[in-house]
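Some notes on the structure that comes next.
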Amino acid sequence: MKILLIGSGGREHALAWKLAKNNRVEKIYVAPGNGGTAKEDKCENINITDIDELLEFALNNSIELTVVGPEDPLTKGIVDKFKANGLKIFGPSKEAAKLEGSKSFSKDFMKKYGVKTAEYEVFYDSNKALDYLEGCSYPIVIKADGLAAGKGVAICENKEEALNAVKSFMIDDIFKGAGEKIVIEEFLEGVEASILSITDGQTIIPFISAKDHKQIFDGGKGANTGGMGVLAPNPYVTDEVLSDFEENIMNKTLVGIKEEGFDFKGIIFFGLMITKKGSYLLEYNVRMGDPETQSVLYLMESDLLEIIEASLRDELYKTEIKWKSGACVNVVLASKGYPGSFTKGYEISIEDEIKDKVFLAGATLEDNILRTNGGRVLSIVGVGNTVDEAREDAYKSINKVKFIDKYFRNDIGLI
Ligand code: AMP
Ligand code: GLY
């Protein structure tokens with residue numbers, strides 16, 4: 001079987017590594033891939049990102065399955081296009097991908113189907129939004145409607161910060177159209193959890209839970225990033241939290257997917273806030289998380305390709321996903337300066353004994369030399385029977401990876 005895998009992050013390196021374990025897989029083309037997928041077993045990078053060119057590649061190269069990593073091609077309708085050309089592809093349709101692509105669409109969906117979420121209002125007019133802020137209690141959360149590369153959410157402690165956020169999103173248009181419409185939302189206090197899951201539109205099976213560490217500095221301080229490391233399972237997701245989630249969030253989402261008639265055979269990722277009043281849904285993503293994937297797939301005992309195929313055949317109802325016991329921690333090694341500006345192009349050395357525990361992200365392979373090429377350069381995975389053992393396993397490997405300006409958090413997995 002030849003697979004086309006779309007994306008270039010650590011998530012895609014982990015997906016390629018896991019898919020390659022299936023004996024039926026002969027080749028995985030990764031578009032565009034990174035320095036990790038360039039070296040991975042059975043993988044070859046192809047330098048294509050345009051959807052029409054990807055389609056042509058799939059048609060001309062006997063691709064039997066396409067797996068889409070990031071949200072961008074999904075919201076642009078890659079799934080609809082591939083299907084219209086008779087190709088098998090794993091991911092939601094363009095319409096279903098609006099659950100991630102538009103915050104107002106997803107909030108309205110949650111409200112319509114009774115999915116537990118923060119109170120909110122949608123604004124199209126900046127004057128109305130600015131007026132509304134006069135009567136709010138603070139803190140409050142302001143979200144750009146469209147995709148803003150993870151930067152479209154402002155937690156505003158007071159009215160002045162909120163007025164500034166509305167102005168920069170709606171009037172200064174800092175997200176180039178993504179903030180024309182905004183959602184203003186109740187601030188929720190609690191701890192976060194990521195629950196990735198797979199659906200075929202009739203059944204949703206949750207994966208093992210995960211805990212991202214979004215801020216750049218230890219102790220959850222500093223700017224938000226794409227994620228600096230993940231612990232799985234998430235210790236806050238107890239059996240009680242899980243059944244609350246299934247009843248008030250997951251099952252209601254599934255009713256909505258069915259009622260709306262969404263063509264959704266793919267990943268649905270629930271971003272939760274666990275509060276004293278139960279769990280609330282902050283957002284949907286319609287793809288795997290990065291770096292959640294690196295920890296979650298490391299603990300997945302079952303074969304990922306078979307699970308994806310079961311989803312495409314509408315057979316998740318008879319599928320069971322098996323997980324390894326214990327814990328997994330992945331620590332992201334970033335370029336110093338990220339999420340602000342940083343220098344690229346430094347040589348990366350990785351000692352052989354830990355090669356199987358490294359997923360590359362912002363790294364390229366040129367003339368057989370790995371070089372830094374992004375903010376989040378790679379992540380190192382550690383496993384163990386307990387969280388402490390998993391942390392120790394990950395952290396002891398960090399000095400076996402060297403590059404200039406290496407930066408990482410010391411508290412990944414600590415709760
Ligand atoms: P989102 O893209 O909606 O997940 O928001 C990004 C991050 O902003 C989340 O991971 C939370 O840390 C924070 N956030 C979003 N919505 C809220 C909310 N209503 N209350 C508190 N924090 C929030
Ligand atoms: N790590 C969070 C995300 O992938 O959205």
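Whatever order the structure lists ligands and atoms in, that order sets their numbers, starting from 1. Heads up: numbering here begins at 1 and tracks the sequence. Just so it is clear, the values below take in all heavy atoms, side chains as well, and ignore hydrogens, waters and symmetry mates.
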Per-atom contacts, ligand 2 versus G226 - under 4.0 Å to a heavy atom: 1 (N), 2 (C)

Specify whether F262 and F105 have parallel, tilted or perpendicular ring planes, treating 30° as the upper limit for parallel and 60° as the lower limit for perpendicular. tilted

Looking only at side-chain N and O atoms, does K214 offer a donor or acceptor that is under 3.5 Å from a partner on T225? no

In terms of relative ring orientation, are F109 and Y113 parallel, tilted or perpendicular, with 30° and 60° separating the classes? tilted

T253-Y284 side chain donor-acceptor pair, cut-off 3.5 Å: yes

Geometric class of the F123/Y132 ring pair [parallel <30°, tilted 30-60°, perpendicular >60°]: tilted

Indicate the atoms forming the closest heavy-atom contact of S279 with I274, along with that distance. OG-CG1, 3.8 Å

R287 touching ligand 2 at heavy-atom level, < 4.0 angstrom: yes

Heavy atoms only, cut-off 4.0 Å: how does N285 contact ligand 2, side chain, backbone, both, or neither? side chain

Mind checking whether E283 has an N or O less than 3.5 Å away from an N or O of ligand 2? no

Do Y298 and W323 have ring centres separated by under 6.0 Å? no

Give the residues near ligand 1 by chain and number, with the criterion being a heavy-atom distance under 4.0 Å. K103, V141, K143, V153, I155, E185, E186, F187, L188, E192, K214, M273, L282, E283

Quick check on G289 - does any of its heavy atoms sit under 4.0 Å from an atom of ligand 2? yes

N45 and T37: side-chain donor and acceptor closer than 3.5 Å? yes

Considering only heavy atoms, does E292 approach ligand 2 within less than 4.0 Å through its side chain, its backbone, both, or neither? side chain

In ligand 2, which numbered atoms sit nearer than 4.0 Å to a non-hydrogen atom of D212? 1 (N), 2 (C)

Between E119, E121, E186, E185, which is the residue that forms a salt bridge (Lys or Arg N to Asp or Glu O under 4.0 Å) with K107? E185

Which is it for E192 and ligand 2 at heavy atoms under 4.0 Å: side chain, backbone, both or neither? neither

In K76, K94, R287, the residue satisfying salt bridge (Lys or Arg N to Asp or Glu O under 4.0 Å) with E71 is R287

